[in-house]
Amino acid sequence: MTPPTKTLPSGDELPAIGVGTWDIGGDIVRDAVRAGLDTGYAHVDTAEGYGNEAEIGDVLAEYDRDDVFLTSKVLAKHLDYESVIESCEATLDRLGTDYLDLYLVHWPNPAISLRETMDAMATLHEQGKIRNVGVSNFSAYQLSCAHHVSDVPIAVNQIEYHPWNTQDDVVDYCRETDTVVEAAAPLARTEVFADDTIQAVAEKYERSPAEVVLRWAVENDVVPLPKSSTPEHVRANLDVFDWELDDEDHARIDDIDHHQPVYDFPARDWTGDTYGISE
């Protein structure tokens, strides 16, 4: 199956589901990405912070680069102008490509000027090293600032999004500004599988909890990026475009939200590898 796409401001087409690769590496990520591309995915999401770009590059070398929409992200500690440029070039080298379809600011960093970051993104865009610019884990306020200072359209905001944490304020602002919402951790790292509503809907449709949750995200006009360490699950996660939830069941899932994130918590480890802000 070939997934539908969403048209970005550049005119590029973003596949409506992608292979997530957080927290997997080595042969596991190679097998997952290969299974995805062989099944019909055309969208792979990684990041310098995931530590698996080189392995993904090994797999991409087996395919036509133009057939894959490839995303990576720059760490929050690398958001000064020169570091954004250097991080992107290192990412391209590890992935074995001369361009990214989408490059995201992985996390906002209040210690570094957002204008400086977006100026570097504009430079990379002008050089043809990145085709589309986006952000990740940005609040509505932070995204508004990014739109204001960026010379290149902000195409995407990748956020934590699943039935236990829908971040309606962020999603609503993205809708207002034609910013595509991508769902990181769309399955809440499998925690929502135990939800009574998800289990009941899955039983009714004779689908897995993962398929139900991903179908719900797609119907909410969100691009899910499910991660799996097994090729079988990677292939199964694509099976969400030839059926639909009825309105009542979709509404039941909409009503679940417990405002319960699995990773995007207010407290931050400011001195850790992601931010790297010294005291």
Side-chain angles (χ1 to χ4, degrees), residues 1-8 13-22 24 32-33 35-45 69 71 136 156-168 170-172 174-175 178-264:
M1 166 172 282
T2 301
T5 62
K6 295 183 178 299
T7 303
L8 301 181
E13 297 294 325
L14 172 69
I17 192 170
V19 179
T21 64
W22 172 78
I24 53 176
V33 172
L37 295 177
D38 287 346
T39 302
Y41 290 84
H43 179 187
V44 177
D45 180 270
F69 190 101
T71 299
S136 181
V156 167
N157 187 15
Q158 185 180 128
I159 61 173
E160 180 176 341
Y161 180 92
H162 48 74
W164 282 1
N165 191 37
T166 55
Q167 300 202 63
D168 293 342
V170 182
V171 172
D172 287 346
C174 288
R175 298 280 184 266
D178 294 323
T179 307
V180 173
V181 178
E182 290 187 338
L187 305 175
R189 298 179 178 170
T190 74
E191 291 187 19
V192 297
F193 292 176
D195 187 278
D196 290 343
T197 298
I198 297 299
Q199 290 190 351
V201 174
E203 183 176 353
K204 174 180 175 179
Y205 288 83
E206 299 183 340
R207 298 279 177 170
S208 71
E211 289 175 274
V212 166
V213 173
L214 294 174
R215 178 64 203 177
W216 165 83
V218 167
E219 291 182 1
N220 281 347
D221 202 30
V222 170
V223 176
L225 303 169
K227 183 265 299 195
S228 178
S229 59
T230 64
E232 293 78 15
H233 289 163
V234 173
R235 288 188 282 266
N237 287 341
L238 188 61
D239 190 18
V240 295
F241 295 106
D242 59 353
W243 63 283
E244 60 185 25
L245 298 163
D246 68 33
D247 292 344
E248 180 180 354
D249 291 323
H250 188 106
R252 290 172 66 193
I253 300 174
D254 282 339
D255 290 341
I256 289 174
D257 193 355
H258 303 309
H259 304 288
Q260 184 175 327
V262 295
Y263 79 79
D264 191 5

*asked:* Could you tell me if the side chain of Asn157 sits less than 4.5 Å from the side chain of Val180, heavy atoms only?
replied: no

*Is the shortest heavy-atom distance from the side chain of Ile256 to the side chain of His258 under 4.5 Å?*
yes

*If you round to the nearest 0.5 Å, how far is CD of Glu211 from NE2 of His233?*
10.0 Å

*Are the side chain of Ser136 and the backbone N or O of Gln158 linked by a donor-acceptor pair below 3.5 Å?*
yes

*Can you tell me how far the CD1 atom of Ile17 sits from the OG1 atom of Thr5, to the nearest 0.5 Å?*
13.5 Å

*Roughly how far, to the nearest 0.5 Å, is the CG atom of Asp254 from the CD atom of Glu219?*
9.5 Å

*asked:* Working to the nearest 0.5 angstrom, can you tell me the gap between Asn220 CG and Leu245 CG?
replied: 9.5 Å

*asked:* Would you say that Pro186 contacts Leu214 through its side chain, given a criterion of any heavy-atom pair below 4.5 Å between the two side chains?
replied: yes

*Please lay out, stage by stage, how His162 and Leu187 fare under the test side-chain contact (heavy atoms from CB on, under 4.5 Å).*
CA-CA 6 Å; His162 48 74; Leu187 305 175; over 6 Å; no

*What residue pairs, at least two apart or across chains, pass ring pair (Phe, Tyr, Trp, His ring centres under 6.0 Å) with a residue in residues 193-212?*
Tyr205-Trp243

*asked:* I want to check something: taking the side chain as every heavy atom from C-beta on, are Val213 and Ile198 in contact at a cut-off of under 4.5 Å?
replied: yes

*Should the pair Trp216 and His250 be assigned to parallel (<30°), tilted (30 to 60°) or perpendicular (>60°) ring geometry?*
tilted

*Given side-chain contact (heavy atoms from CB on, under 4.5 Å), test Leu14 with Glu182 step by step and report yes or no.*
CA-CA 10 Å; Leu14 172 69; Glu182 290 187 338; 3.7 Å; yes

*Looking only at heavy atoms, which two atoms of Ala16 and Val218 are closest? And how far apart?*
O-CG2, 4.5 Å

_Asp257 side chain to Thr166 backbone, donor-acceptor under 3.5 Å_ = yes

*asked:* Can you confirm whether more than 12 heavy atoms, excluding those of Asp242, are under 6.0 Å from its CG atom?
replied: yes

*Over all heavy atoms of both residues, which pair between Gly36 and Val19 is shortest? Give the atoms and the distance, please.*
CA-CG2, 4.1 Å

_Salt-bridge present (Asp45, Lys227; N to O < 4.0 Å)_ = no

*Considering residues at least two apart in sequence or located in another chain, which fulfil the side chain to side chain donor-acceptor pair (under 3.5 Å) criterion with Gln260?*
none

*Looking only at heavy atoms, what is the nearest atom pair of Asn237 and Ser228, with distance?*
ND2-CB, 4.3 Å

*asked:* Give me the atom names and distance for the closest heavy-atom approach of Ile24 to Ala32.
replied: CD1-CB, 4.3 Å

_Looking at Asp249 and Arg215, is there a salt bridge between them, counting it only when a charged N and a carboxylate O are closer than 4.0 Å?_
no

*Audit row: Arg207, Val240, side-chain contact (heavy atoms from CB on, under 4.5 Å) steps and yes/no*: CA-CA 10 Å; Arg207 298 279 177 170; Val240 295; over 6 Å; no

*So which heavy atom on Tyr263 is nearest to which on Ile159, and how close?*
OH-C, 3.7 Å

*Show the numbers, then the answer: is there a side-chain contact (heavy atoms from CB on, under 4.5 Å) between Val156 and Thr71?*
CA-CA 11 Å; Val156 167; Thr71 299; over 6 Å; no

*Minimum side-chain heavy-atom gap Tyr41-Pro3 below 4.5 Å*: no

*State the CZ-CG distance between Arg252 and Asp196, to the nearest 0.5 angstrom.*
10.0 Å

*Distance-minimising heavy-atom pair for Ala188 and Val262*: O-CG1, 3.6 Å

*Heavy-atom check, side chain of Gln167 versus side chain of Asp264, under 4.5 Å*: yes

*Determine whether Phe69 and Leu8 make a side-chain contact, defined as any pair of heavy atoms from C-beta on separated by less than 4.5 Å.*
yes

_Arg235 and Asp38: CA distance, side-chain angles, deciding distance, salt bridge (charged side-chain N to carboxylate O under 4.0 Å, His left out) verdict_ = CA-CA 9 Å; Arg235 288 188 282 266; Asp38 287 346; over 6 Å; no

*asked:* Once rounded to the nearest 0.5 Å, what's the spacing between atom NE2 of His43 and atom CG of Leu225?
replied: 5.0 Å

*Are Arg175 and Asp172 close enough for a salt bridge, meaning some N to O gap below 4.0 Å?*
no

*Examine the side chains of Trp164 and Asp195 and answer whether a donor and an acceptor come within less than 3.5 Å of each other.*
yes

_Does atom CD (Glu206) have a neighbourhood of more than 12 heavy atoms from anything else shown, all under 6.0 Å?_
no

